S.K.: 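First, the structure itself, so that you have it in front of you.
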Amino acid sequence: GESVGLHLPTLSVQEGDNSIINCAYSNSASDYFIWYKQESGKGPQFIIDIRSNMDKRQGQRVTVLLNKTVKHLSLQIAATQPGDSAVYFCAELNAGGTSYGKLTFGQGTILTVHP
Amino acid sequence: ETGVTQTPRHLVMGMTNKKSLKCEQHLGHNAMYWYKQSAKKPLELMFVYSLEERVENNSVPSRFSPECPNSSHLFLHLHTLQPEDSALYLCASSQDRNSGSRYEQFFGPGTRLTVL
């Protein structure tokens with residue numbers, strides 16, 4: 001079936017370094033690709049999204065890149081901080097003619113930031 | 001806080017028990033979702049309610065029974081569960097895209113369910 005998956009299950013970085021989390025997807029028929037952050041004891045929290053007709057979008061300290069040719073999505077976090085330690089999920093939104101958003105999630109990458 | 005609350009936060013139940021999970025959103029949204037998050041698995045969409053009508057049921061066993069009495073509240077009724085149903089159950093809400101709003105889903109903190 002169609003799925004969204006991640007290359008690396010864990011990523012450890014030093015505080016201040018830049019982090020890159022990758023995601024591969026298989027379904028090209030989508031409206032948006034989204035990154036979520038999930039901290040321990042909390043639900044997933046929206047970080048940034050990118051529409052399928054874009055290839056780059058920047059937020060505060062985060063950048064999402066979309067390469068539709070190879071069906072690859074990445075999240076770049078600049079100057080990573082200990083508070084960035086969490087599990088990061090990519091997700092794909094496929095409205096499919098619905099009025100609500102149907103999300104398909106990847107498995108997640110555990111990001112650990114060492115002081 | 002995301003504006004989506006879930007109770008209880010933790011629940012331990014036997015296989016013969018009946019319990020209910022509750023979700024409440026204070027965001028004025030009109031779509032609500034139940035997800036299951038198991039260890040080492042992606043989040044799995046279970047049910048979607050849009051305008052209080054169930055619009056998605058992703059092959060979920062009948063021992064899970066959702067209820068949406070109004071646009072702010074969502075329940076998941078549980079009965080005769082199996083140990084493999086132990087997981088984090090997440091509720092989310094969003095605004096109907098037809099209203100021109102973003103699709104973004106806001107998640108609650110989840111209920112950690114353990115079935116003995």
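Computed from a predicted structure; not experimentally measured. Lettering of chains follows the sequences in order, A, B, ..., and the numbering in each one begins at 1.
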S.K.: Around atom CE of B/Met15, are there more than 12 heavy atoms of other residues, nucleotides or ligands at under 6.0 Å?
M.R.: no

S.K.: How long is the gap from CD on B/Glu104 to CG on A/Asp49, to the nearest 0.5 Å?
M.R.: 7.5 Å

S.K.: Give the cluster check for A/Phe33 versus A/Leu65: same hydrophobic cluster or not, with ILVMFWY residues linked at side-chain heavy-atom distances below 4.5 Å.
M.R.: no

S.K.: Name the atoms and distances for all side-chain donor-acceptor pairs under 3.5 Å in residues 16-25 of chain B, with sequence neighbours left out.
M.R.:
{"residue": "B/Asn17", "atom": "OD1", "partner": "B/Gly14", "partner atom": "N", "Å": "2.8"}
{"residue": "B/Ser20", "atom": "OG", "partner": "B/His77", "partner atom": "ND1", "Å": "2.6"}
{"residue": "B/Glu24", "atom": "OE2", "partner": "B/His73", "partner atom": "NE2", "Å": "3.4"}
{"residue": "B/Gln25", "atom": "OE1", "partner": "B/Leu27", "partner atom": "N", "Å": "2.9"}
{"residue": "B/Gln25", "atom": "OE1", "partner": "B/Gly28", "partner atom": "N", "Å": "3.2"}
{"residue": "B/Gln25", "atom": "OE1", "partner": "B/His29", "partner atom": "N", "Å": "3.2"}
{"residue": "B/Gln25", "atom": "NE2", "partner": "B/His29", "partner atom": "O", "Å": "2.7"}
{"residue": "B/Gln25", "atom": "NE2", "partner": "B/Ser71", "partner atom": "O", "Å": "2.8"}

S.K.: Heavy atoms, side chains only, cut-off 4.5 Å: are A/Phe105 and B/Tyr35 in contact?
M.R.: yes

S.K.: For the residue pair A/Gly106 and B/Pro42, what are the closest heavy atoms and their distance?
M.R.: O-CB, 3.5 Å

S.K.: Is there a path from B/Phe64 to B/Tyr33 through hydrophobic residues (I, L, V, M, F, W, Y) whose side chains come within less than 4.5 Å of each other?
M.R.: no

S.K.: Mark yes when over 12 heavy atoms from residues, nucleotides or ligands other than B/Glu84 sit less than 6.0 Å from its CD; otherwise mark no.
M.R.: yes

S.K.: Just checking heavy atoms, which of residues 108-116 of chain B are less than 4.5 Å from chain A?
M.R.: B/Gly108, B/Pro109

S.K.: Within the structure provided, determine whether A/Leu103 and B/Gln105 are in side-chain contact (heavy-atom separation under 4.5 Å).
M.R.: yes

S.K.: ring-ring contact (aromatic ring centres under 6.0 Å, His included), that's the test. Do B/Phe107 and A/Tyr36 meet it? Break it down for me.
M.R.: CA-CA 10 Å; B/Phe107 285 83; A/Tyr36 281 89; 5.6 Å; yes

S.K.: Does a side-chain heavy-atom distance below 4.5 Å link B/Asn58 with A/Lys102?
M.R.: yes

S.K.: Taking salt bridge (Lys or Arg N to Asp or Glu O under 4.0 Å) as the definition, give me every residue that meets it alongside B/Arg54, ordered by chain and number, with sequence neighbours left out.
M.R.: none

S.K.: Is it the backbone or the side chain of B/Leu43 that comes under 4.5 Å from a heavy atom of chain A, or both, or neither?
M.R.: both

S.K.: Roughly how far, to the nearest 0.5 Å, is CG of B/Leu90 from CD of A/Gln38?
M.R.: 6.0 Å

S.K.: My understanding is that only residues two or more places apart in sequence, or in another chain, count here; which of them pass salt bridge (Lys or Arg N to Asp or Glu O under 4.0 Å) with B/Arg9?
M.R.: none

S.K.: Are B/Leu78 and B/Leu88 grouped together when hydrophobic residues (ILVMFWY) are joined by side-chain heavy atoms under 4.5 angstrom apart?
M.R.: no

S.K.: Could you check if a side-chain atom of A/Phe89 sits within less than 4.5 angstrom of a side-chain atom of B/Gln37, using non-hydrogen atoms only?
M.R.: yes

S.K.: Look at the side-chain heavy atoms of Ile, Leu, Val, Met, Phe, Trp and Tyr, link any pair under 4.5 Å apart, and say whether B/Phe47 and B/Val4 land in one connected group.
M.R.: no

S.K.: Does a sphere of radius 6.0 Å around CD in B/Glu53 hold more than 12 heavy atoms from other residues, nucleotides or ligands, not counting ones at 6.0 Å or beyond?
M.R.: no

